[in-house]
Amino acid sequence: MKIYKTENYEEMSRLAADMIAACILLKPNAVLGLATGSTPVGTYRELTECYRSGRLSFQEIRSVNLDEYCGLTPEHAQSYRRFMQENLFDHVDIRRENTYVPCGTAENPEEECRRYSRLIRELGGTDMQLLGMGHNGHIGFNEPGDCFVPDTHRVMLSAETIDANARFFASREEVPTSALTMGIGDIMAARHILILISGVDKAETAQKAFAGPVTPEVPASVLQLHPNVTLIGDKAALELLEASGVEMCR
Ligand code: F6R
């Protein structure tokens, strides 16, 4: 795992965007695995800037998102489809038909999950998977548990995740209680994984995930087993990890 420590969130976002841009320049029809949440917002802003200045095109890019809330339509203000439209897709030249997000309102969620894992395989797998990490170590919506679930599946969100995401809804009661998420196998099949971590409130979990044992109780710890992971974090998030003696590229 290569670990880059940055001064702050802005520098983390610029470096992440540079790495994604490099992936796109080397493979203009790459399959990007994308994430939502606060962490990648700055990265999407930087990528939009690269497009606006004519340095980058998304015309041939295909994208697969990690997850979607159950019960929210694509138009819902807090759906992850809408998040992607507002933070990236509407501002660059990606073709909407080449962007995939699990359907949170599918009549048969189990069938939708099977379709989504199949879709990822049919696209040839992801070239680069962008990830954030939850305070409890979740990646996608793979919450802490007894085992790693390989394929796209429906999860009940933990109370901690509902609390963390309540900030985006009018009240905690409005936060959906379940979601569809890529499984750990879908994520680990990516050729390159880029995980971003920002803020002192993630420092303890970052230490557990990357300096502790690999365990489904800290889902992000599974990334230690992937041969090509880049972690970019700001110094606040990486402080404890560095103190554990884990080497940083810079
Ligand atoms: C989002 C996702 C989640 C977030 C995680 C961190 O698609 O899959 O795993 O990456 O909850 O969220 P933020 O970035 O808001 O702290």
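Counting convention: from 1, in listed order, for ligands and their atoms alike. Bear in mind the structure is a predicted one, so any value in this text is a computation, not a measurement.
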Numbering the atoms of ligand 1 from 1, which are under 4.0 Å from a heavy atom of [X]?
| X | result |
| --- | --- |
| Asp67 | 1 (C), 2 (C), 7 (O), 8 (O) |
| Leu66 | 8 (O) |
| Gly37 | 14 (O), 15 (O) |
| Gly132 | 10 (O) |

Applying ring pair (Phe, Tyr, Trp, His ring centres under 6.0 Å), can you list everything that pairs with Phe168, at least two apart in sequence or on another chain? none
With respect to Gly140, determine whether any N or O atom, backbone or side chain, lies less than 3.5 Å from an N or O atom of ligand 1. yes
Is there a polar contact between ligand 1 and Tyr80, counting only N or O atoms under 3.5 Å apart? no
Nearest-neighbour protein heavy atom for atom 5 (C) of ligand 1, which is reported as residue plus atom name and distance: His138 NE2, 3.4 Å
Nearest protein heavy atom to atom 15 (O) of ligand 1, by residue and atom, and its distance? Ser38 N, 2.8 Å
Is any side-chain heavy atom of Asp151 closer than 4.5 Å to one of Asp186? yes
With a heavy-atom distance limit of 4.0 Å, tell me whether [X] approaches ligand 1 through its side chain, its backbone, both, or neither.
| X | result |
| --- | --- |
| Thr36 | both |
| Thr39 | both |
| Met133 | backbone |

Output the rest of the hydrophobic cluster of Val101: all Ile, Leu, Val, Met, Phe, Trp and Tyr residues reachable through side-chain heavy-atom contacts under 4.5 Å, sorted by chain and number. none
Is there a side chain to side chain donor-acceptor pair (under 3.5 Å) between Asp127 and His192? Walk through the geometry before answering. CA-CA 6 Å; Asp127 290 291; His192 184 182; over 6 Å; no
Can you list the steps and then say if Ile184 with Val149 is a side-chain contact (heavy atoms from CB on, under 4.5 Å)? CA-CA 6 Å; Ile184 293 294; Val149 180; 5.9 Å; no
Is it true that atom CD of Glu204 has more than 12 heavy atoms of other residues, nucleotides or ligands lying nearer than 6.0 Å? no
Answer yes or no for Lys202: is there a heavy-atom contact with ligand 1 below 4.0 Å? yes
Less than 4.0 Å is my threshold; does some heavy atom of Arg167 fall inside it relative to ligand 1? yes
Parallel, tilted or perpendicular: ring planes of Tyr80 versus Phe141, cut at 30 and 60 degrees: parallel
Under 4.0 Å between a side-chain nitrogen and a carboxylate oxygen: does that hold for Glu75 and Arg82? no
Measure the CG-CD distance between Leu15 and Glu10 for me, rounded to the nearest 0.5 Å. 13.5 Å
